[in-house]
Amino acid sequence: MSEPRWVPWARRFVLGFLALFTLVPLYAMVSSSLKPLGDVQGKWEWVPTTLTIQPFFDIWETIPLAEYFVNSLVISGSAAILSVVIAIFAAYALSRFRFRGKNFFKMTVLSTQMFPGILFLLPLFLIFVNIGNTTGIVLYGSRLGLIITYLTFSLPFAIWMLAGYIDSIPKELDEAAMVDGTGPFGALIRVVVPAAMPGIVAVGIYSFMTAWGEVLFASVMTDSGTRTLAVGLQEYSTQVQVYWNQVMAASLIVSVPVVAGFLLLQRYLVAGLTAGAVK
């Protein structure tokens with residue numbers, strides 16, 4: 001049965017509207033980053049009269065952007081790696097083994113996603129401060145403390161997602177590996193992990209992006225030496241001036257790692273998920 005003639009036009013209209021909804025703000029960001037500050041603060045012009053790349057050089061001198069960039073890379077990368085590693089073992093246990101309290105643990109992991117993150121802000125702050133006062137281990141204002149904080153958000157989702165993905169992998173593959181002489185750990189590393197790589201990549205991307213753009217906890221749990229990009233961008237706004245062109249230029253620079261990583265992994269991710277759905 002052929003579709004009505006208006007359906008293709010409606011589809012083009014919706015896709016065109018969504019494209020404009022995405023591209024117009026992006027164009028405004030790019031054009032503002034290439035304007036002098038006076039032009040950005042004046043009347044808005046769709047076609048810039050003066051173009052300059054000076055804001056892309058000034059962003060590194062106005063604030064310590066390079067230091068914030070390194071902090072974000074270390075914190076986000078560590079949170080993503082730890083989430084993936086811990087979630088692999090936890091998800092494998094949930095998928096392949098039976099133990100008392102299994103269903104309760106799964107429901108507890110899922111229920112953590114129902115609460116807003118701000119509810120955990122004060123408890124985590126008090127826990128970190130008390131640990132520092134009692135043991136001398138500095139968590140508040142440190143990279144380690146922020147990594148642990150981000151694990152509390154990304155790890156439950158990672159465990160739940162990987163457990164469902166590993167469930168789709170036939171157990172016969174594990175049994176065949178054990179027949180060949182390997183144990184459960186060997187079956188996990190040699191069989192399950194390669195087969196679940198699309199899900200692992202998706203979890204890693206989610207964990208990295210969650211930590212990369214988080215503002216609330218980064219603004220409370222860090223100091224001037226451990227500040228991340230999401231918080232550091234606020235320093236382009238002072239009591240007497242807002243460097244809008246530098247804000248836009250810095251926003252573009254900040255977006256590069258996430259966009260580049262997504263584009264590099266997109267083809268592999270889509271192909272892997274499609275293959276996983278057929279299994």
Side-chain angles (χ1 to χ4, degrees), residues 59-60 62-90 108-162 202-239 242-243 246-247 250-259 261-262:
I59 58 177
W60 307 98
T62 304
I63 67 172
L65 187 64
E67 180 181 349
Y68 299 159
F69 201 93
V70 172
N71 289 337
S72 290
L73 282 178
V74 172
I75 293 172
S76 301
S78 300
I81 293 174
L82 289 175
S83 294
V84 169
V85 173
I86 298 174
I88 287 175
F89 290 100
T108 302
V109 169
L110 184 62
S111 64
T112 58
Q113 304 299 302
M114 297 188 301
F115 301 98
I118 195 173
L119 291 179
F120 302 98
L121 180 59
L122 183 57
L124 285 173
F125 173 80
L126 295 176
I127 290 173
F128 287 173
V129 171
N130 289 329
I131 289 177
N133 294 334
T134 304
T135 65
I137 300 176
V138 180
L139 294 179
Y140 174 73
S142 67
R143 293 176 176 175
L144 177 60
L146 199 56
I147 292 171
I148 296 174
T149 300
Y150 290 152
L151 284 177
T152 62
F153 304 125
S154 60
L155 191 55
F157 174 82
I159 293 174
W160 185 267
M161 181 176 178
L162 282 183
V203 166
I205 293 175
Y206 167 81
S207 301
F208 184 87
M209 293 180 64
T210 300
W212 186 263
E214 201 278 327
V215 176
L216 176 63
F217 285 85
S219 62
V220 176
M221 298 294 187
T222 60
D223 53 23
S224 59
T226 57
R227 195 163 293 156
T228 61
L229 283 170
V231 179
L233 291 180
Q234 300 177 7
E235 296 183 11
Y236 287 110
S237 174
T238 65
Q239 293 181 353
V242 179
Y243 300 96
Q246 295 186 38
V247 172
S251 299
L252 291 173
I253 298 297
V254 169
S255 304
V256 168
V258 175
V259 174
F262 181 80

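In what follows, residues are counted from 1 in the order of the sequence shown.
To the nearest 0.5 angstrom, Phe128 atom CZ is 11.5 Å from Asn130 atom CG. To the nearest 0.5 Å, atom CD1 of residue Ile86 and atom CD1 of residue Ile159 are 8.0 Å apart. Note: Thr226 OG1 to Tyr68 OH = 9.5 Å, rounded to the nearest 0.5 Å. The CG atom of Leu233 lies 11.0 Å from the CD1 atom of Ile253; values are rounded to the nearest 0.5 Å.
For the pair Phe217 and Leu124, the minimum side-chain heavy-atom distance is below 4.5 Å.
Using a distance-only test at 3.5 Å, with no hydrogens or angles considered, no donor-acceptor pair links the side chain of Thr228 to the main chain of Ala218. Judged by distance alone, the side chain of Trp212 and the main-chain N or O of Val254 form a donor-acceptor pair under 3.5 Å. In this structure a side-chain-to-backbone donor-acceptor pair under 3.5 Å is missing from Ser207 to Ala79. Without hydrogens or angle criteria, Ser78 side chain to Ile75 main chain gives no donor-acceptor distance under 3.5 Å.
Residue pairs meeting the side chain to side chain donor-acceptor pair (under 3.5 Å) criterion with at least one partner in residues 115-129, sequence neighbours excluded, do not occur; the list is empty. Within the structure, the side chain to side chain donor-acceptor pair (under 3.5 Å) test picks out the following pairs touching residues 138-154 (sequence neighbours left out): Asn71-Arg143, Ser83-Ser154, Tyr150-Glu214. Within the structure, salt bridge (charged side-chain N to carboxylate O under 4.0 Å, His left out) pairs that include any residue of residues 219-230 comprise Arg227-Glu235 (at least two apart or interchain).
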I would like to know whether Leu162 and Val203 meet side-chain contact (heavy atoms from CB on, under 4.5 Å); could you show each step before the answer? CA-CA 8 Å; Leu162 282 183; Val203 166; 3.9 Å; yes

Take Leu252 and Val256 through the side-chain contact (heavy atoms from CB on, under 4.5 Å) test and state the conclusion after the steps. CA-CA 7 Å; Leu252 291 173; Val256 168; 5.9 Å; no

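When all heavy atoms of Val247 and Tyr236 are compared, the closest pair comes out as CG2-CB, 3.4 Å. The minimum heavy-atom distance between Gly225 and Glu67, with the atom names listed, is O-OE2, 3.3 Å. In this structure, Gly232 and Ile63 approach most closely via the heavy-atom pair O-CD1, 3.4 Å. For the residue pair Pro156 and Val109, the shortest heavy atom distance occurs at O-CG1, 3.3 Å. Of all heavy-atom pairs spanning Ser72 and Leu229, the tightest one is OG-N, 2.8 Å. Closest approach of Ile59 and Gln246 over heavy atoms only: CG2-O, 3.4 Å.
For the side-chain contact (heavy atoms from CB on, under 4.5 Å) with Leu139, the lone residue among Val129, Ile131, Ile127 that qualifies is Ile131.
Contacts of Tyr243 classified as side-chain hydrogen bond (donor to acceptor under 3.5 Å, both in side chains), with partners at least two apart in sequence or in another chain: none. For Thr222, there are no side-chain hydrogen bond (donor to acceptor under 3.5 Å, both in side chains) partners two or more places apart in sequence or in a different chain.
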Only distances under 3.5 Å count here; give the side-chain donor-acceptor pairs of residues 115-123 to other protein atoms, sequence neighbours excluded, each with its distance to 0.1 Å.
none

